[in-house]
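Below, chains carry the letters A, B, ... as their sequence lines are ordered, and counting in each starts from 1.
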Amino acid sequence: MKVGVSYALPQRQIWLDVEVDEGATVQDVIERSGILQQFPEIDLSTQKIGVFGQLAKLDQVLEEGDRVEIYRPITVDPKTVKRKRKIPGAKDDD
Amino acid sequence: MIIAILSLAVLGLGLGLMLGFASKYLKVEAGALVREISDMLPGSQCGQCGFPGCGPAAEAVAGGQAPVTLCPPGGPSLALALANKLGVSADLSGMEEHIPKVAFINERLCIGCTKCFKRCPTDALVGANRQIHVVIRDACTGCGKCVEVCPTESVQLREEPETLESWHWPKPQELPAAS
């Protein structure tokens with residue numbers, strides 16, 4: 001089955017397609033993709049991983065078409081960031 | 001030998017008649033035009049035309065409820081192509097040549113709220129709760145949906161910088177048709 005792997009920096013973004021066997025886990029796909037060799041700075045013990053925005057563990061089993069994403073933590077404290085004024089009547093997804 | 005020729009001839013005649021009747025009685029009304037138009041539209045379902053997606057927009061254009069200039073990402077070239085297809089004249093005065101833009105996230109303002117990536121129609125946003133969100137430039141269509149929802153204004157549309165990776169050989173200019 002075909003799954004994706006993605007890692008993104010501000011200036012360079014990677015979205016690879018990887019062919020793996022059924023029942024492959026997040027860990028298998030990351031190793032298979034060779035993304036760790038392309039970005040030696042990735043540290044899977046500290047950086048969070050997910051599938052389409054949902055955080056996942058390394059042993060999670062994937063389905064066809066999933067995209068494994070390696071994240072970087074935010075660098076700011078959300079409380080200190082100025083928020084945009086809410087536009088009245090604007091719809092909110094949350 | 002004769003049996004083979006006869007049976008094939010009968011088969012051909014029978015199927016030919018069936019096709020003839022089918023094309024007359026099972027004719028698809030206007031569906032083909034809608035499909036052709038929706039093939040010409042970008043297909044990114046960005047909604048900038050005011051319709052929910054490219055399919056309804058194509059229906060509206062084909063039915064004449066919407067002008068051929070409805071698609072901002074398509075720009076004047078698409079408007080002209082649609083006008084040719086429908087045999088109408090296009091008023092391009094309100095349209096400017098679309099400069100391709102992609103979203104860019106200022107990571108010093110991103111709070112990892114996940115609002116932008118839920119909106120992205122092309123999965124060009126990578127991010128999760130409390131993780132930095134990044135736009136995959138090659139997958140971004142510049143529809144601007146993420147810009148509207150960002151609570152900290154960290155997403156902006158920018159002209160795509162020309163780099164060694166993004167540069168393409170320009171298309172040859174069309175010569176005036178020799179007559």
Notebook entry, point to check: Given B/C110 and B/S154, is the side-chain contact (heavy atoms from CB on, under 4.5 Å) satisfied, shown in steps?
Noted result: CA-CA 6 Å; B/C110 178; B/S154 75; 4.3 Å; yes
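- Contact of the A/R83 side chain with the A/P78 side chain is registered, since non-hydrogen atoms from C-beta on lie closer than 4.5 Å.
- Neither the backbone nor the side chain of B/I105 comes within less than 4.5 Å of any heavy atom in chain A.
- Below 4.5 Å, heavy atoms of chain A meet heavy atoms from B/V134, B/V135, B/I136, B/R137, B/A139, all part of residues 133-140 of chain B.
- The environment of B/K145 atom NZ is dense: over 12 non-hydrogen atoms of other residues, nucleotides or ligands sit within 6.0 angstrom.
- Residues from residues 46-67 of chain A that place a non-hydrogen atom less than 4.5 Å from a non-hydrogen atom of chain B comprise A/K48, A/F52, A/G53, A/L55, A/R67, given in numerical order.
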Notebook entry, point to check: How far apart are the C-alpha atoms of B/D123 and A/W15, what are their side-chain angles, what is the distance that settles it, and do they pass the side-chain contact (heavy atoms from CB on, under 4.5 Å) test?
Noted result: CA-CA 11 Å; B/D123 285 331; A/W15 181 356; 4.0 Å; yes
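- For the pair B/T152 (side chain) and B/L109 (backbone), a donor-acceptor distance under 3.5 Å is present.
- Residues B/C143 and B/P121 form a side-chain contact, since some pair of their non-hydrogen atoms from C-beta on lies under 4.5 Å apart.
- Although no hydrogens or angles enter the test, the distance criterion places a donor-acceptor pair under 3.5 Å between the side chain of A/Q13 and the main chain of A/P10.
- Counting only heavy atoms from C-beta outward, the side chains of B/V102 and B/T141 never approach each other to under 4.5 Å.
- Using a 4.5 Å cut-off between heavy atoms, B/E107 touches chain A through backbone and side chain atoms alike.
- At least one side-chain heavy atom of B/L11 sits less than 4.5 Å from a side-chain heavy atom of B/L15.
- Residues B/P42 and B/C71 form a side-chain contact, since some pair of their non-hydrogen atoms from C-beta on lies under 4.5 Å apart.
- Of all non-hydrogen atoms in B/G144 and B/L157, the two that sit nearest each other are CA-CD1, 4.1 Å.
- Contacts with chain B (heavy atom to heavy atom, under 4.5 Å) involve these residues of residues 69-77 of chain A, listed by number: A/E69, A/Y71, A/R72, A/P73, A/I74, A/T75, A/V76.
- Heavy-atom neighbours of B/I3 CD1 from other residues, nucleotides or ligands within 6.0 Å: at or below the threshold of 12.
- Looking only at side-chain heavy atoms (C-beta outward), A/Y7 and A/I42 come within less than 4.5 Å of each other.
- Taken to the nearest 0.5 Å, the SG atom of B/C54 stands 4.5 Å off from the CD atom of B/Q45.
- For B/N106, no part lies near chain A; criterion is any non-hydrogen pair under 4.5 Å.
- A distance of 6.5 Å separates CD of B/E36 from CG of B/L33, quoted to the nearest 0.5 Å.
- The two atoms that bring B/P72 and B/C49 nearest to each other are CD-N, 4.4 Å, heavy atoms only.
- Scanning residues 26-41 of chain A against chain B with a 4.5 Å non-hydrogen threshold yields no residues.
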Next item on the list: Show your reasoning for whether side-chain contact (heavy atoms from CB on, under 4.5 Å) applies to B/V68 and B/L78.
Entry: CA-CA 8 Å; B/V68 289; B/L78 176 68; over 6 Å; no
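- Proximity of A/I14 to A/S6: side-chain heavy atoms (C-beta onward) are nowhere separated by under 4.5 Å.
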